[in-house]
Amino acid sequence: MSELNTYKIAFRGLSQGVHHYEFPVDGALFAAYENEEILSSEGVARVALDRSETQLRCTVQIEAEVVVPCDRCLADCPIAIDFEDELMVKFSDSIDEYDGEVLWLHPSEKELDLAQYIYESVILSLPYQRVHPEGECDPEMMERFRTITEREEEALEESATDEESGSWNAQLEALKAKMTEE
């Protein structure tokens, strides 16, 4: 996973104050996490790291466009990602799990790895339903999935009812025949 080394910040020798970084949000990031849902991606994650003696405060801003399959027509669907959040990094000998607000590092750590944070931020920024705007889906695919008309629906219901009653009558006749044999 050497591609992920790009997302590390060596903070050990940094002076106190704000430092700015940019990281690519591209296909290599999603490939490193073996994500097949993201077909391609292009964008940037900007990080303003405010270093103090006891903690790091990262303001993370992600602007990207990812391409995923459309849930409606299965064609490539570009989704704009506009994410901004703050990540607190604190140091402690007892490392707690990342809780969504504070990332704990051991005092001996020299680098802050933001790869997973950026990856998860993009994934969680995706909308629940990933579809093209109305009218932009692949028309050929939409024709295949078109909804049936009311008349077609009524005809289907009638044929299902006829089949069910025919099936019911056949089952009833078979049961009568079995009972008369006994």
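Hydrogens, waters and symmetry mates play no part in the numbers below; they use all other heavy atoms, side chains included.
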| query | Between the main-chain N or O of E86 and the side-chain N or O of T59, is there a donor-acceptor pair closer than 3.5 Å? | reply | no
| task | Report yes if the side chains of L103 and L112 come closer than 4.5 Å at any heavy-atom pair, otherwise no. | result | yes
| field | Donor-acceptor contact present, side-chain R51 to main-chain H19, <3.5 Å | value | no
| Over 12 non-hydrogen atoms of neighbours within 6.0 angstrom of CD in E42 | no
| said: If you apply the rule side-chain contact (heavy atoms from CB on, under 4.5 Å), what do you find for D138 with L74, and how did you get there? | reply: CA-CA 8 Å; D138 179 1; L74 304 178; over 6 Å; no
| note | Exactly one candidate in V67, D26, V66 meets side chain to side chain contact (heavy atoms under 4.5 Å, CB included) with S40; the answer is V67
| Main-chain N/O of A45 paired to Y21 side chain as donor or acceptor, under 3.5 Å | no
| Flag side-chain contact, heavy atom, 4.5 Å: I123 against F30 | yes
| request: Quick one: pull up CZ in R72 and CD in E136 and give me the separation to the nearest 0.5 Å. | output: 10.0 Å
| message | For E36, is the CD atom crowded, meaning more than 12 foreign heavy atoms sit under 6.0 Å from it? | response | no
| query | Mind checking whether Y119 and F23 have ring centres under 6.0 Å apart? | reply | no
| query | Does any non-hydrogen side-chain atom of Q116 lie less than 4.5 Å from one of Y33? | reply | yes
| query | Would you say the side chain of P127 lies within less than 4.5 Å of the side chain of I79, judging by non-hydrogen atoms? | reply | yes
| request: Could you walk me through whether V47 and L114 pass side-chain contact (heavy atoms from CB on, under 4.5 Å), step by step? | output: CA-CA 10 Å; V47 178; L114 292 174; 3.9 Å; yes
| Hey, any chance V60 and V44 share a hydrophobic cluster, counting ILVMFWY side chains that come within less than 4.5 Å of each other, even indirectly? | no
| So, do D93 and P107 sit near enough that their side-chain heavy atoms are less than 4.5 Å apart? | yes
| query | Taking side chain as C-beta onward, heavy atoms only, is I118 less than 4.5 Å from Y7? | reply | yes
| said: Same cluster or not: F91 versus L49, using hydrophobic residues (I, L, V, M, F, W, Y) connected whenever any side-chain heavy atoms lie under 4.5 Å apart? | reply: yes
| Would you say L14 and L56 make side-chain contact, with heavy atoms under 4.5 Å? | no
| message | To the closest 0.5 Å, what do you measure between CD1 (I81) and OG (S125)? | response | 5.0 Å
| message | Return the CD to CZ distance between E109 and F11, rounded to the nearest 0.5 Å. | response | 6.5 Å
| Passing candidate, side chain to side chain contact (heavy atoms under 4.5 Å, CB included) with R46, options E84, H20, E63 | E63
| said: Is the shortest side-chain heavy-atom distance between C77 and V131 below 4.5 Å? | reply: no
| request: List the steps and the verdict of side-chain contact (heavy atoms from CB on, under 4.5 Å) for L126 and L124. | output: CA-CA 5 Å; L126 289 172; L124 293 173; over 6 Å; no
| query | Is a side-chain donor or acceptor of H132 paired with a backbone partner of C73 at a separation under 3.5 angstrom? | reply | no
| task | Verify side-chain contact (heavy atoms from CB on, under 4.5 Å) between Y117 and V89, making sure each step is shown before the conclusion. | result | CA-CA 12 Å; Y117 180 80; V89 181; over 6 Å; no
| message | To the closest 0.5 Å, what do you measure between CG (L105) and NZ (K90)? | response | 12.5 Å
